[in-house]
Amino acid sequence: MMSVAQLPDPPPAPPCVHKFGGSSLADATCMRRVAAILQAQPATPAYVVVSAMRGTTDALIALAEAAMQASTDWPGRLAQLRERHLACADDLLAAHAAATRDWLDGQFAELRDLLAALAVLRTPNREASERVQGLGEVWSSRLLRDLLAAQGLSCARLDARDVLVVSHGELGASVDWDDSQRRFDAWRAEHARPWTVVTGFVARTPDGRATVLGRNGSDYSAAIFARLSGAAELTLWGDTDGVLSADPRLVPEAVSLPELSYSEACELAYFGAKVIHPQTLTPAIAAGLAVRIRNTFAPDHAGTAIGTRATAASGSPVKGLSAVQQLAVLTLEGAGMIGVPGTAERAFGALHAAGVSVVMISQGSSEHSICCVVREADLARARSALESAFERELARGAIARIAGEAGISVLAAVGDGMAGQPGVAARLFGALARSSVNIRAIAQGASERNISIAVASSDATRALRAAHAAFWLSPQTISIGLIGPGKVGQALFEQILAARERLLRDHQLDLRLRAVASRSHLWCGESHLAANWREAAQPDGDLEAFTRHIHAEHLPHALIIDCSASDAVAERYADWLAAGIHVVTPNKHAGAGPYPRWQRIRAACASGARFRYEATVGAGLPVISTLRDLLDTGDELHVVEGILSGTLAWLFNRYDGCTPFSALVREAHALAYTEPDPRDDLSGTDVARKLVILAREAGVPLELADVEVESLVPASLRCTDAATFMERLGEFDAAMAARHARAHDHGCVLRYVARLDRDGHARVGLAELPATHGFAHLRLTDNIVQFTTRRYADNPLVVQGPGAGPEVTAAGVFADILRIVQS
Ligand code: ADP
Ligand code: ASP
Ligand code: MG
């Protein structure tokens, strides 16, 4: 007889545990998505821990409260919850829903009886309330199991109230591992199937009552069942791409973290990151379990891996930011504590005795005060505990006061990479200072893995966003708003859009054009408006809404571009600048408007915000920056003169005395070289404004009214309508021709020139210039500006080139933006 060596069975593959949160199980569509994810998993035994359908736990808590307060609306709310679950069963199981429906019906009937009994008793009843809270998981587990079974999987359902034994202590629910393991093994021996759906959140007390693990406790349940079942992997499925660098509801820029160490994940969870329940990791660490956080709604995303491996040192030293709300600061202060041993011990002993848990401690090395952070709800109790503990010291004056202040949040920056890295705290505090967040107390653990900062709750979101920007965004990220989407505005928009990627890649400049405002419309985008931005108008936005959107807390800088020609917009510059918003504009109203307003605008720059207006003179030509460089380097301006109007330059370049002047004006008008009403150019006011801007730049406090202006609009045509003006301009051709002839006789040409003398005298008007003069040979609409200074005395410094047109004007504005961001 041949003997066949009996090969031992290969050891069974360790099971996997998956946990799905309430948002992943919100309705039948979500449940089918979950089933599809499970069907795609490798064929190892799996435990699927579920939360209640989204919102169910809240609804159950409210129902129990309502019944205990004998309010009358609970039966209606109960009916809604029942209807939602029955409808889900029908949707999932269609013709095969009957058994599930009957079971659910029985469940809801029992719950109705329980609530009715509570309504009669009218007293708070913790046991009953805990029992009710956990029912959502009981129901959702049945729905998912029946769906998986209907799809052909061999699937059991485990009610955790049968096996998981916990007792409630100071640190939350603690597991009786021996008892739970015994019960779990017994259950498994009898019911094992390849798939098991397990109720999350619920458990039993040692005396057999139903209880719960605390809000968000299904994560903890999953880690417990992973340990009980000897699993190798735990995946928590939620509605984000893993653990994000901050709560995405507070920080829109939050990014997914590929890896976290156990300790980083613990710190984040303790400090309020709702994505993992803080107790989850304790059993996971004990079992060395690989934990993954993944997105049910994006199953292809790798999510976050949490494990023992030290996480990559690259990138930001801070891994995540979180905030705990509803806290209070408690301060014990007095000279009598200096050098007295045991004061801290007595203080914290008293708080412990009063059952107050301390979130954060900070003591200055002078020992003059001890400050700690406790939950807001514990403040009164904590304070009176300290007052009685230090009664004698208070009476003697050794302790001056015990102060408590509610409305505090603690912001925590967490990351293993912070250890031994200088400068992390500086970056964090610098960011908070720039956002005017006042820091109430600071603590850094000796592990250097967590810096905790107490701030007023009203500052918490701003602080979180500023800190996030400091570590995750390019420091040159700038939130930009554009007012006036006319020709220049549109050209600028296109230029920024075209340069955006290159600037980000080569210079880490992240320019985000996030809003455009016209006189009647507002267009807003969260990150950046796309090329088709005009399709998304919000008709009733105003400049207040625009400003709020641009001055976003989660982006490091804000900048407003005013491409309007409106004085009302210029009126806002000072406020914007004072609030720290940079302003860039080709609008001449601020630069040439009332001098006191100009001074107010300049003074507002003390906030650190910058105001630039290069394109107000000579469009894209570097006129103002040249003047500023001369003066900043110690030069002294003697005379500035030039041709500052493209329109007038063109007219006089072309005018030869033969073609009537009025015909040239008509031609220029047809070529769109003039304003719609050519008198705006011919009056010289626009040129005068530019001269005022240059004068003020040179420190001369000039007003527009101080400029001597020669208008080329005949006095009798100043008040007519534009059409009449054009018609009748010919009547003055002869006079202009005579002027031209006179100049010609002198060997000169006519040019419309602006000039500021050394004594502050400013004039704009027609001048006869020798035919050899530099201003006599310009091309087309070119501008020219000539600076005569102490250094450039004999041979003036000249800036010359195209001085009009949307493209070059927009480029001048764009250059201003880059100068601000790069400085
Ligand atoms: P689930 O039903 O999946 O358990 P929860 O209601 O418990 O979901 O909360 C998950 C939510 O926590 C996420 O949708 C997100 O808004 C929020 N959250 C807070 N901090 C973070 C963070 N650091 N990373 C990811 N999500 C976070
Ligand atoms: N359903 C429970 C809650 O809402 C537990 C959980 O979802 O994790 O808190
Ligand atoms: Mg959760």
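Positions are given from 1, in the same order as the sequence printed here. One-based numbering, in listed order, for ligands and for the atoms of each.
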| request: Apply side chain to side chain donor-acceptor pair (under 3.5 Å) to Trp472 and Glu253, showing your working. | output: CA-CA 8 Å; Trp472 277 273; Glu253 305 290 317; over 6 Å; no
| said: As a quick check of understanding, evaluate salt bridge (charged side-chain N to carboxylate O under 4.0 Å, His left out) for Asp159 and Arg204, giving each step before the final call. | reply: CA-CA 10 Å; Asp159 188 330; Arg204 65 192 282 135; over 6 Å; no
| field | Stepwise side-chain contact (heavy atoms from CB on, under 4.5 Å) test for Val48 and Cys155 | value | CA-CA 10 Å; Val48 182; Cys155 187; over 6 Å; no
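By the 30° and 60° cut-offs, the orientation of the rings of Trp237 relative to Phe20 is parallel.
Applying the 6.0 Å contact sphere to CZ of Arg142 captures more than 12 heavy atoms from other residues, nucleotides or ligands. No more than 12 heavy-atom neighbours from other residues, nucleotides or ligands sit within 6.0 angstrom of CZ on Arg131. Remark: Arg375 CZ is loosely packed, at most 12 non-hydrogen atoms of other residues, nucleotides or ligands lying under 6.0 Å away. Around CD of Gln326, the count of heavy atoms belonging to other residues, nucleotides or ligands within 6.0 Å does not exceed 12.
By the 4.0 Å N-to-carboxylate-O rule, Glu233 lies too far from Arg294 to be salt-bridged with it. Asp162 has no carboxylate O lying under 4.0 Å from a charged side-chain N of Arg183, or vice versa, which leaves the two without a salt bridge. A salt bridge links Asp219 with Lys19: the distance from a Lys NZ or Arg NE/NH1/NH2 to an Asp or Glu carboxylate oxygen falls below 4.0 Å.
Residues lining ligand 1 at a heavy-atom distance below 4.0 Å are given as Lys19, Gly21, Gly22, Ser23, Asn216, Gly238, Asp239, Thr240, Gly242, Val243, Leu244, Ala246, Asp247, Pro248, Arg249, Ala273, Lys274, Val275, ordered by chain and residue number. Sorted by chain and number, the heavy-atom contacts of ligand 2 below 4.0 Å come from Ser51, Thr57, Glu137, Phe201, Arg215, Asn216, Gly217, Ser218.
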For residues 26-37, please give each side-chain donor-acceptor pair under 3.5 Å, one per line with the distance, not counting sequence neighbours.
residue	atom	partner	partner atom	Å
Asp27	OD1	Thr29	N	3.2
Asp27	OD1	Cys30	N	2.9
Arg32	NH1	Asp91	O	3.4
Arg32	NH1	Asp91	OD1	3.1
Arg32	NH2	Asp91	OD1	3.1

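Panel detail: the Mg ion (ligand 3) has protein N, O or S atoms under 2.8 Å away, 1 in number.
Annotation for Val410 and Ser452: closest pair CG1-CB, 3.9 Å, computed over non-hydrogen atoms.
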